[in-house]
**Student:** 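If you scroll down you'll find the structure; I have some questions about it.
Here the structure is a predicted model, which means the values were calculated and not measured. Note that these values count all heavy atoms, side chains included, but never hydrogens, waters or copies made by symmetry. All chains are named by letter (A, B, ...) in the order of the sequence lines, taking the proteins before the strands, and each is independently numbered beginning at 1.
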Amino acid sequence: MDRIAGIVRCQWRAYWRRFSRARDLTVGHQGITLIITVLIFFKYLRLLGSANIRIAQGDATLVQSLLAAIFLAWLFLPISIPRADVSFSGLRHLPLSVSDLFGIRIVSLFIRPYSWMTVAGSLAICYPLAHAPRPWLALSAALLFIPMSCSTGLAMAHLLTIAVWRRIMFAILVLLCATALYVLSGEDAGPFRQWSWVLPTNLVTRAAVGKNPTLAMGTLVMLNVLTFAAAWWSFRQSLVNEPRAGSTKRMDSILFRLPGAAGGLAAKDVRYFRRLLDPCFGLLASALCCFYLAASRAPSASAVWISIVILFIPNAPLAFNSFGLDKRSGMDRYGLLPVSGATIMRSKNLAFVIITSVQVCPIIVLAVWRFGLSVGAFGLVEAASLAAAYLAWGNWMSITLPAKMQFFRFAPPGGSLPELIGGLVFASLPGVLTMYVLQMRAEQAIWVNLLILLLCGILYSLATIRAGRRFEQQREKVAHLIL
Amino acid sequence: MFEIETHKLSKAFGDLVAVRDLELRIPKGTLFGFLGPNGSGKSTTIKMLTGILRPTSGEVFIGGRSVVNSPLEVKKRIGVLPEDLALFESLTIWEHLLMIGPVYELSRKETARRAEQLLVYLDLWQARHTCVDEASSGMRKKCSLALALLHNPEVLFLDEPFEGIDPVSARNIKDLLLVMVGKGITVFLTSHILEVVERLVQSFAIIVGGEIVCSQTMEETLRSGDSLEDLFFKHVVRETAEELEWIG
């Protein structure tokens, strides 16, 4: 036990040492995050008050929504936290059993203040549940629900480190979203609604106010056992999931044939960018839009333009923090290569364009099929303008406010939140303008959209040259900030 | 004219002066050894010579060109095996070579031809599709060496090239270095294996605490009757194992 406590103490110190190095609250969004958290907390307290009154009257819908929010918070907690300060691959050299390591894993989850807030927020749900018609059962159900959510989050975080499971989970996500779309559209959703009682949030409220609370409690206990076993098993898998001894040729190796000095470097970045979780949501948005275009009887052309604007948003970290996935040795290689900073920026930008093209192109093809060539062409111009705007802002931000990102994790909100929000607003502007022009001034749409594209192109060129020069001068600073 | 030349080269990190007023003059076609204990400033010097680190003061010239003023021109002419190997995570050995070749203006065909020859010579051909993060430290080092050699550099900087390398590959690398020097290529290497350095280099310098404490040719050393090891320990303080009385 002492050994585990010693390691956890080291992790605690390492985290807070890094936290205190940031020195002021503007770094790493600490100040803004604190303000937003306090605002959310106050809103949450008010909702708890309302939920308290409603559940006493037998209405559990608000409590269900709050439980869903708690579940999501626990789901994203282990994924959003960067890998441990003392890595498990390092700890494996010590005489510690897998149980010891799993214990360290669980305890280290609670080092960060965000985890404490999640715990506090989760326990606060006991307040309305204590006023439910069956308070003791409701409280017990809530206390089963919280560890179950935590175990699910842990299992997800562990499975994301295994390639096969990542694919399976993405397929499940697409399936769930398609089902949700189908249910929300109200078409023959009866069978899905019948099975909704097995959702953990429904089980808690059922134990509090519904019929057959024993069955609900039993199911919750079973879910707890299952999710804990899943967390344990996935942790073991993530430890033993050694890299293959001899990798076979990779599918995206063909990208290394891209011409020019920037081609090979771009191929490398495509591989890196694919390993960030954020673009998966762009892919999801693209898949849902394609599903809509293919399945809807009378689709709207606006959906194409709106989807293109939306799918660029999760891809923003690739443009705004393009060095975030590079390591110290990679940054040194950039320093050794006889290429200008602008060439390196262009290689990053080309990788961004390849990733977003994979998401945009199927929409354009389906748009041409459903609406004709003109809608497809407008979509293409809109996407090009958006890409140029994102990259113009992103090239500046990648040099001035870089932040470390990790494979198979969501991009952390590095840099500064005002710049991030400003970037999203600025970069989405060409898309919004395109939609506005198409709706309001359809006869001039071609020229106006081409003008927008030209302006974005000029802006991008200037930003790239400037960012390239700054990268040459500040490569060491960028490398230091992403370490 | 010297192939590698520095004037009062210094590098400070805050209050810590890592390298102080370094003066080096290395003629073309020389195999030069740069020796020193850990933390003496060897790698910092290599980083400044290769344009990775900007000197705090002083000048560096490679082939008569200033590294600070014409970094791209210099980088085209040098090959570097850096301390951290400067490899990209998640890329295979083969992909590294395919990526780097065009950066040095080599055609794809020529890159593939040279890459194949280099990998066969360094006994990496069978492992060419291994990801560098899955490769052993020796394989990673050989991959980085292959990257340094791919474009046929005029000056080669090698930071600890024999560390973690198997005996066959080490012999191949030594042979290759001698062939390169014979063809007029300048090699600047650091190594802790003094016996190897003694057999390979034509001249050397010993750096301690960021300052050069000894600089001479191998011929001068041998003439004085000292071995390189003797000379090294004249300048570097060594602790004795008797201090660790609890061991054993």
**Student:** Output the option from B:Asp84, B:Val74, B:Leu147 having the highest count of non-hydrogen pairs under 4.5 Å with chain A.
**Tutor:** B:Asp84
**Student:** List the atom of B:Gly51, the atom of A:Arg475, and the distance in Å for their closest heavy-atom pair.
**Tutor:** O-NH2, 4.2 Å
**Student:** Got a donor-acceptor contact below 3.5 angstrom from the A:Arg271 side chain to the B:Ser90 backbone?
**Tutor:** yes
**Student:** Among the options B:Leu53, B:Leu85, B:Ile100, B:Val103, pick out the one with the most heavy-atom pairs lying under 4.5 Å from chain A.
**Tutor:**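 Winner by heavy-atom pair count: B:Val103.
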**Student:** At a 4.5 Å cut-off on heavy atoms, which part of A:Ser340 comes close to chain B: side chain, backbone, both, or neither?
**Tutor:**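 Backbone plus side chain of A:Ser340, per the 4.5 Å heavy-atom cut-off to chain B.
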**Student:** If you count heavy atoms of other groups shown closer than 6.0 angstrom to CZ of A:Arg466, is the number above 12?
**Tutor:** no
**Student:** Identify which part of B:Ile78 has an atom lying under 4.5 Å from any heavy atom of chain A, answering side chain, backbone, both or neither.
**Tutor:** neither
**Student:** Taking side chain as everything from C-beta outward and backbone as N, CA, C, O, which of these in A:Arg328 sits under 4.5 Å from a heavy atom of chain B? Side chain, backbone, both or neither.
**Tutor:** both
**Student:** Check whether any side-chain N or O of A:Lys268 sits under 3.5 Å from a backbone N or O of B:Met99 as a donor-acceptor pair, and report yes or no.
**Tutor:** no
**Student:** Does atom NE2 (B:His7) have a neighbourhood of more than 12 heavy atoms from anything else shown, all under 6.0 Å?
**Tutor:**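 Yes, NE2 of B:His7 has more than 12 neighbouring heavy atoms, counting only those of other groups under 6.0 Å.
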**Student:** Write down the atom of B:Pro102, the atom of A:Gly260, and the distance for their closest heavy-atom approach.
**Tutor:** CB-O, 3.9 Å
**Student:** What's the separation between atom CG in A:Leu325 and atom CZ in B:Phe88, rounded to the nearest 0.5 Å?
**Tutor:** 12.5 Å
**Student:** Does a side-chain heavy-atom distance below 4.5 Å link B:Arg54 with A:Gln473?
**Tutor:** no
**Student:** I'd like to know whether CZ of B:Arg108 has more than 12 heavy-atom contacts from other residues, nucleotides or ligands below 6.0 angstrom.
**Tutor:**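 Yes, because the 6.0 Å sphere around CZ of B:Arg108 holds more than 12 heavy atoms from other groups.
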**Student:** A:Leu336 versus B:Lys75: any side-chain heavy-atom pair under 4.5 Å?
**Tutor:** no
**Student:** Any donor-acceptor pair under 3.5 Å linking the side chain of A:Tyr272 with the backbone of B:Glu89?
**Tutor:**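 Such a contact is found between A:Tyr272 side chain and B:Glu89 backbone.
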**Student:** Under 6.0 Å from the CG atom of B:Asp123, do we count more than 12 heavy atoms belonging to anything else shown?
**Tutor:** no
**Student:** Between chain A and each of B:Val80, B:Leu87, B:Thr50, count heavy-atom pairs under 4.5 Å; write down the option with the most.
**Tutor:**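 Most heavy-atom pairs within the cutoff with chain A belong to B:Leu87.
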